[in-house]
Amino acid sequence: MSEPAEPSPRSGLSERDRAVLAVERRSWPGPGAKERAVREQLGISPTRYYQLLNALLDDPRAVALDPVTVNRLRRVRDARRERR
């Protein structure tokens, strides 16, 4: 999945964007497991993954598709920003 797929008519998000959110919905057993899954399942580097994820957190379509995950991640991101 090197380039974004066509947006889904249902959510307006690409298949890759929906896959990024799906990765975040899962729980991970230990360090490195998520990064390994990102490389294997999405075919992108963890750095690129987090860039895409951060952009999704500001996308209203992502909130509409998965409000629980997106709002949880926004809270985590905001708490990290406040600690800086």
Side-chain angles (χ1 to χ4, degrees):
M1 287 189 208
S2 58
E3 291 299 315
E6 288 294 315
S8 165
R10 191 187 73 164
S11 68
L13 294 174
S14 71
E15 182 178 326
R16 181 181 64 185
D17 291 341
R18 292 189 313 274
V20 167
L21 290 173
V23 167
E24 282 302 315
R25 275 192 297 272
R26 292 185 52 194
S27 61
W28 299 97
K34 180 159 96 176
E35 287 74 13
R36 194 167 35 257
V38 164
R39 288 184 197 285
E40 292 171 1
Q41 295 173 12
L42 302 178
I44 59 177
S45 72
T47 301
R48 182 66 180 136
Y49 170 81
Y50 287 110
Q51 290 170 340
L52 292 169
L53 178 61
N54 196 49
L56 279 171
L57 297 184
D58 296 323
D59 189 330
R61 297 172 300 174
V63 178
L65 178 68
D66 192 348
V68 172
T69 301
V70 173
N71 288 323
R72 176 181 55 84
L73 293 169
R74 283 178 171 178
R75 286 190 302 273
V76 170
R77 180 179 68 178
D78 292 346
R80 285 185 181 144
R81 284 182 178 166
E82 288 176 13
R83 286 193 303 257
R84 291 183 187 162

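- A search for side chain to side chain contact (heavy atoms under 4.5 Å, CB included) contacts involving D78 returns R81, not counting sequence neighbours.
- Under the rule for a side chain to side chain contact (heavy atoms under 4.5 Å, CB included), the partners of V23 that lie at least two apart in sequence or sit in another chain are W28, K34, V38, Q41, L42, Y49.
- Nearest heavy-atom pair, R74 versus D58, reported as atom, atom and distance to 0.1 Å: NH2-CA, 4.2 Å.
- A side chain to side chain contact (heavy atoms under 4.5 Å, CB included) with P67 is found for one member of L65, T69, V70, N71 and no other, namely N71.
- Nearest heavy-atom pair, R61 versus G12, reported as atom, atom and distance to 0.1 Å: NH1-O, 2.7 Å.
- L21 places a side-chain heavy atom less than 4.5 Å from the side chain of L13.
- The two atoms that bring S45 and R39 nearest to each other are CA-NH1, 4.0 Å, heavy atoms only.
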Report all side-chain donor-acceptor pairs from residues 50-57 shorter than 3.5 Å, counting only partners two or more places apart or in another chain.
from : atom 1 : to  : atom 2 : distance (Å)
Y50  : OH     : E35 : OE2    : 3.4
Q51  : OE1    : R48 : NH1    : 3.3
N54  : OD1    : R77 : NH1    : 3.0

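- Among residues two or more places apart in sequence or in another chain, the salt bridge (Lys or Arg N to Asp or Glu O under 4.0 Å) test is passed with R25 by D66.
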